[in-house]
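The structure presented is a predicted model; accordingly, all values stated were derived computationally and were not measured.
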Amino acid sequence: MSISTKYDPASIEDKWYNHWMENGFFKAEVNPDKEPYSIVIPPPNVTGVLHMGHMLNNTIQDILIRKARMEGKEACWVPGTDHASIATEAKVVAMLREKGIKKSDLSRDEFMKHAWEWKEKYGGIILEQLKKLGASCDWDRTAFTMDEGYYKAVIKVFVDLHKKGYIYRGLRMINWDTEAQTALSNEEVIYKEDGEKATLYSVRYQIKGTEEYVTIATVRPETILGDAAIAVNPKDKRYTHLIGKKAIVPFVNREIPIITDEHVELDFGTGCLKVTPAHDPNDYEIGQRHDLEVIDTINLDGTLNEACGIDKYVGLDRFKVRKLIVKDLEEAGHLVGTEDFITRIGRSERTNTVVEPKLSLQWFINMKDISRKAHAAVMEDDVLLFPSKFKNTYNHWMENVRDWCISRQLWWGQRIPAYFYGQGEDDYVVAETMEEALQLAREKSGKADLDVANLKQDEDVLDTWASSWLFPQAVFDGFNDDCFDKETGKIIKGKNPDLDYFYPTNTLVTAPEILFFWVARMIIAGYEYNGEKPFKNVYLTGIVRDKKRRKMSKSLGNSPDPLDLIKQYGADGVRTGMLFSSPAGNDLLFDEKLVEQGRNFSNKIWNAFRLVTGWEVKDIPQPEENKLAIEWFESRLNQSIAELEDHFGKFRMSDALMTVYKLVWNDFCSWYLEWIKPEYQQPIDQVTLDKTIALFEQLMKVLHPFMPFITEELWHGVKERSNDPIITSAWPQAGSFDKSILVSADLLFEITTNLRNLRNSKGLSPKENLELLVKTKNESAIKAISASIQKLANVSSVSFAQAKPDNCSSFVLGGDEYFIPLNLEIDVEAEKQKLEEELKYAKGFLMSVEKKLSNEKFVSGAPAQVVENEKKKKADAEAKIKAIEESLRSL
RNA sequence: GGGUUCUUAGCUCAGUUGGUUCAGAGCACCUCGUUUACACCGAGGGGGUCGGGGGUUCGAAUCCCUCAGGACCCACCA
């Protein structure tokens with residue numbers, strides 16, 4: 001045999017991927033004769049690189065799409081990338097900085113030119129990497145969320161939602177990233193799990209006209225200069241006498257009122273809260289309730305401004321000022337004390353800077369009404385979440401849905417199509433183009449002489465999610481002018497064949513982290529624009545962690561390079577490795593050993609192939625036992641396929657793989673092949689070989705979605721079939737199976753195992769021939785499998801006996817006794833002990849069964865079937881006990 | 001603080017409506033084996049009483065209560 005004993009993935013993976021590509025097997029188009037099956041990829045960041053999370057996620061998608069393709073569906077997997085405005089802009093800014101270019105020195109157009117250049121250069125690397133994994137995406141459909149059509153779709157939706165009254169502009173306290181200088185949505189603010197160390201400062205404020213002081217506690221003393229009030233709880237008796245009086249802000253000597261508000265907690269700090277409406281969300285709300293002045297003392301870049309009233313702080317960073325002011329307060333005698341304090345500081349997901357609450361004019365989508373159908377869709381199982389536990393989370397979020405801040409103070413993204421023609425807050429119009437805007441502006445302002453020069457487009461761009469939430473429609477060009485009706489704000493059916501055919505998509509595979517960021521919003525957009533869900537199933541993968549349960553991250557250095565892994569273990573090995581340990585909805589504890597197991601599995605398959613294709617065929621009769629082996633494996637295969645379908649139906653991918661894994665390794669390799677394998681260097685009969693190859697082909701098919709490369713290679717290895725690749729072959733259907741054959745084979749396997757065990761314990765070589773004598777009431781059952789017993793257990797003869805011959809070892813199965821004559825000294829004591837242990841167990845078991853059966857309440861209360869089963873158990877146990885006792889007696 | 005959820009062999013997990021020996025799987029582990037597809041292998045084996053306690057029931061890993069310990073989501077105390 002000249003083929004290597006090791007499977008070498010590197011030598012074939014590119015070959016087959018190119019073959020699939022060249023033949024257009026990944027392409028999907030409208031085909032009325034076929035049922036569509038579509039998946040849209042969760043678009044990775046355009047400048048991102050492949051990490052383990054992508055590997056898991058895309059492996060699952062590829063499995064689903066390949067299976068659907070084999071099932072004869074028009075399988076369409078749309079790939080794409082996301083422009084990821086903050087992340088990408090940050091990268092571009094950093095790149096420019098390295099070149100010595102400041103963003104602030106560039107015009108918007110110049111910056112965008114750099115950004116596009118960057119995108120062209122680095123964008124899409126991640127998609128190339130996905131090809132190495134075997135991803136069978138329809139690459140001709142590759143989408144980008146800033147493509148021209150996509151860009152227009154986003155703008156159309158903004159205009160439409162504004163028209164429908166869902167979009168509004170408002171002054172709100174938002175999360176401000178002082179480094180990226182943009183607003184962030186709540187979801188983009190990260191709080192460290194255990195909080196962060198901070199210092200809680202106690203500062204005293206003098207009460208006007210007295211020598212009395214109130215002491216407040218704060219972690220942000222730099223905001224003192226923006227204080228507008230001191231608040232106490234109305235129930236707090238300690239301060240009742242101060243209510244209505246004025247306190248004096250240190251240094252600036254502003255007089256601020258002492259007010260009461262329920263928000264203040266009695267037992268925190270001193271019970272006095274300084275209220276800084278400009279720099280704290282809660283304080284802002286208190287300010288609203290009490291009509292307090294908003295004194296904004298912090299600039300967009302995090303430095304203090306003139307409003308703080310102290311010249312020496314102006315222009316300094318908030319954290320520097322904090323240090324300075326603490327020192328100043330101390331010197332002035334206002335600092336009463338400090339203590340260490342653990343608090344939860346919000347940081348920007350993208351830049352990691354401490355988020356500054358900031359009042360600012362931003363654009364929002366009012367979520368309450370627009371999300372109603374999307375909420376119901378999940379609750380009523382129109383959209384299914386896997387695992388379903390996320391239904392609760394989804395429900396909770398949707399019930400408390402908050403308005404979505406969609407403006408970002410960046411350049412890289414879809415620019416908000418709002419055009420201002422005056423200084424007033426309301427002096428703007430929203431339109432797709434400058435021309436339309438001009439017309440609208442003339443109408444709204446009543447100034448017919450307005451021209452383009454008088455219009456100023458909003459500088460901000462939209463949140464990235466405000467583009468990716470349209471992904472399922474936009475990738476099929478669902479907002480083009482033909483099918484998107486601007487009057488009704490709906491996508492009309494019958495105008496876009498692609499969309500009509502592939503939408504709604506079937507399954508979305510993504511991470512739970514973006515259930516609200518993305519999934520919920522896509523569902524909202526689906527109902528808003530198509531009046532229909534964007535996908536039927538949502539499979540939520542776990543997070544890939546290392547074996548210590550730490551999240552994989554660059555800084556920890558615990559994340560392997562996926563491409564290295566593929567090089568080392570093969571794409572199929574990596575795919576199966578990832579899947580071995582990813583139960584639905586649970587985190588994947590990644591361990592390279594899993595990938596090793598995947599590689600080993602590839603090798604096992606490879607060697608089964610070598611065996612099956614290595615025999616010489618001769619015109620000889622088919623051995624009796626081979627017929628049984630084939631019948632048995634056919635039944636096992638059908639049983640396994642049924643099980644596999646069940647797992648797939650429930651999105652239990654790990655279990656699905658495990659079913660196939662065990663079928664191949666245990667049933668096919670360990671039992672079937674040993675069963676039919678000819679003696680060394682002996683030929684095989686034609687019938688068995690043909691059947692075996694056919695069975696092997698079936699195995700390759702069920703393996704193909706999991707392991708596309710090796711299965712394609714071996715599919716072509718067993719037969720010349722240039723125009724008939726496995727990727728488009730027909731998925732096997734689960735046929736019926738003969739239960740009696742499975743039962744019969746189980747007995748065969750049990751006998752074989754017992755005999756192997758005997759050899760093991762007696763130190764007998766597997767090569768040594770043994771004889772088997774059976775005492776049974778059902779000789780025909782043994783006769784049916786005796787040839788197979790001889791083959792599998794290396795037994796020279798199987799015959800029947802009425803009593804135990806001398807010098808035998810024995811075992812008991814069911815009510816039957818099996819004797820193996822040995823030319824050895826039998827250790828009678830050991831045999832006895834073994835049998836007595838079995839007897840003890842059997843008797844104990846019988847007792848528990850009898851106890852149940854003698855319980856009248858059980859017999860009358862339990863269903864007839866259950867009682868019947870107990871009776872059978874009793875009879876079986878009795879037969880077994882009898883056989884063991886006989887064995888013991890004859891020792 | 002509000003909510004959701006989990007705790008089954010050394011590890012990662014199955015265990016559908018309580019009842020077929022339901023206590024399972026894969027990996028790991030131990031013993032033996034250089035057998036003629038594969039040592040990236042083969043054969044065999046030992047491990048848990050289902051987080052603790054209480055209850056319902058003829059019967060509970062499976063239902064209820066309680067305690068302990070995780071995880072996640074939301075909100076957030078200056």
Side-chain angles (χ1 to χ4, degrees), chain A residues 1 3 5-7 186 191 200 216-220 223 231 263-265 267-270 272-276 280-283 341 343-344 346 389-397 399-400 402 512 515-516 547 549 569 573 580-583 586-589 591 593-594 596-615 650 652 654-655 657-658 661-662 669-670 673-674 677 679-682 752-753 756-761 763 765-767 794 841 845 848-849 851-852 855-863 865-870 872-873 876-877:
Chain A
M1 201 171 286
I3 321 170
T5 60
K6 303 263 189 291
Y7 166 60
N186 292 328
Y191 296 90
L200 186 64
I216 55 90
T218 179
V219 290
R220 301 202 59 194
T223 64
H263 170 77
V264 184
E265 298 205 8
D267 50 4
F268 187 92
T270 58
C272 292
L273 173 70
K274 74 187 216 36
V275 183
T276 320
D280 182 279
N282 289 307
D283 290 10
F341 186 67
T343 186
R344 291 170 56 98
K389 65 177 178 186
F390 285 108
K391 224 170 128 171
N392 288 325
T393 316
Y394 184 90
N395 184 41
H396 190 247
W397 193 76
E399 274 179 351
N400 301 292
R402 298 163 82 187
L515 185 58
F516 309 127
K547 51 186 167 180
R549 284 199 182 271
Y569 299 100
F580 276 131
S581 176
S582 354
N586 279 8
D587 288 352
L588 163 68
L589 269 44
D591 184 341
K593 283 215 148 163
L594 292 166
E596 216 175 287
Q597 192 187 341
R599 189 261 327 256
N600 294 353
F601 186 37
S602 307
N603 206 49
K604 186 72 186 177
I605 298 165
W606 177 256
N607 278 293
F609 164 76
R610 287 177 60 230
L611 178 66
V612 167
T613 53
W615 288 312
K650 294 169 183 159
R652 305 177 70 138
S654 255
D655 294 332
L657 171 62
M658 196 45 71
Y661 180 82
K662 286 194 284 189
C669 294
S670 295
L673 288 179
E674 294 301 323
K677 189 160 86 176
E679 296 285 313
Y680 181 49
Q681 290 188 331
Q682 294 302 303
T752 306
T753 301
R756 284 172 178 167
N757 193 4
L758 179 75
R759 288 178 199 274
N760 242 326
S761 61
S765 158
K767 287 176 184 166
N794 193 22
Y841 177 84
F845 179 70
S848 75
V849 174
K851 199 175 146 198
K852 262 191 219 175
N855 183 333
E856 228 172 273
K857 282 183 179 172
F858 170 73
V859 179
S860 58
Q865 184 60 43
V866 174
V867 177
E868 207 46 49
N869 282 329
E870 289 301 312
K872 186 172 178 301
K873 272 154 73 175
D876 288 350

Contacts of A:Asn607 that satisfy side chain to side chain donor-acceptor pair (under 3.5 Å) - sequence neighbours left out: A:Arg610
Under 4.0 angstrom between A:Ser654 side-chain N/O and B:A14 OP1 or OP2: no
Nearest-Å distance for atom pair CG/P, residues A:Leu611 and B:G42: 13 Å
All N/O pairs under 3.5 Å across the protein-nucleotides 2-5 of chain B interface:
residue, atom, partner, partner atom, Å
B:U4, O3', A:Asn392, ND2, 3.1

Distances under 3.5 Å between protein N/O atoms and the N/O atoms of nucleotides 23-32 of chain B, please, pair by pair.
residue, atom, partner, partner atom, Å
B:A25, O2', A:Lys662, NZ, 3.3
B:G26, O2', A:Gln597, NE2, 3.1
B:C27, OP1, A:Tyr661, OH, 3.4

Below 4.0 Å: OP1/OP2 of B:A37 and any side-chain N or O of A:Lys677: yes
First encountered from the 5' end of RNA chain B, between A:Asn400 and A:Leu673: A:Leu673
Syn-anti status, with the boundary at 90° from 0, for the nucleotide B:G42: anti
Other residues, nucleotides, ligands: >12 heavy atoms within 6.0 Å of A:Lys547 NZ: no
Whole-Å gap separating P (B:G45) and CG (A:Leu758): 12 Å
Involving RNA chain B, stems made of at least three consecutive Watson-Crick or G-U pairs, both distances under 3.5 Å: B:1-7 with B:68-74, B:10-13 with B:24-27, B:29-33 with B:41-45, B:51-55 with B:63-67
Touch class at under 4.0 angstrom, heavy-atom based, for A:Ser670 against every strand present: sugar-phosphate
Of A:Glu596 and A:Lys857, the one whose closest RNA chain B nucleotide lies more 5': A:Glu596
Test side chain to side chain donor-acceptor pair (under 3.5 Å) applied to A:Tyr394 - qualifying residues, sequence neighbours left out: none
Rounded distance [0.5 Å steps], CG in A:Asn400 versus CG in A:Asn395: 9.0 Å
Ionic contact status for A:Lys677 with A:Glu674, cut-off 4.0 Å: yes
Sugar-phosphate only, base, or nothing, as touched by A:Glu674 at under 4.0 Å among non-hydrogen atoms: base
A:Glu679 CD to B:A37 C1', straight-line distance once rounded to whole Å: 15 Å
Spacing between A:Trp397 atom CH2 and B:C74 atom P, to the nearest angstrom: 9 Å
Proximity to the side chain of A:Val866 - top-ranked nucleotide from B:G45, B:G19, B:A39: B:G19
Whole-Å gap separating C1' (B:C6) and CG (A:Leu589): 15 Å
Rounded distance in Å between the C1' positions of B:C13 and B:A28: 14 Å
Nucleotide nearest A:Arg652 (side chain, heavy atoms from C-beta), chosen from B:G44, B:A14, B:C38: B:A14
Sugar-phosphate, base or nothing in reach of A:Thr753, heavy atoms under 4.0 Å: sugar-phosphate
Touch class at under 4.0 angstrom, heavy-atom based, for A:Arg599 against every strand present: base
Shortest side-chain distance from A:Phe516, nucleotide among B:C73, B:U35, B:C38: B:C73
Residue A:Asn600, side-chain heavy atoms: nucleotide from B:C40, B:G19, B:G44 that is nearest: B:C40
Interatomic distance where CG belongs to A:Asp591 and C1' belongs to B:C13 [whole Å]: 15 Å
Within the 6.0 Å centroid threshold, strictly below: A:Tyr661 and A:Phe580: yes
Under-3.5 Å N/O pairs linking protein and nucleotides 75-78 of chain B:
residue, atom, partner, partner atom, Å
B:A75, OP1, A:Arg402, NH1, 2.7
B:C76, O3', A:Asn282, ND2, 3.0
B:C76, N3, A:Arg344, NE, 3.4
B:C76, N4, A:Arg344, NE, 3.1
B:C76, N4, A:Arg344, NH2, 3.0
B:C77, OP1, A:Asn282, ND2, 2.1
B:A78, OP1, A:Thr343, OG1, 2.5
B:A78, N6, A:Glu265, O, 3.2
B:A78, N6, A:Phe268, O, 2.8
B:A78, N1, A:Glu265, N, 3.3

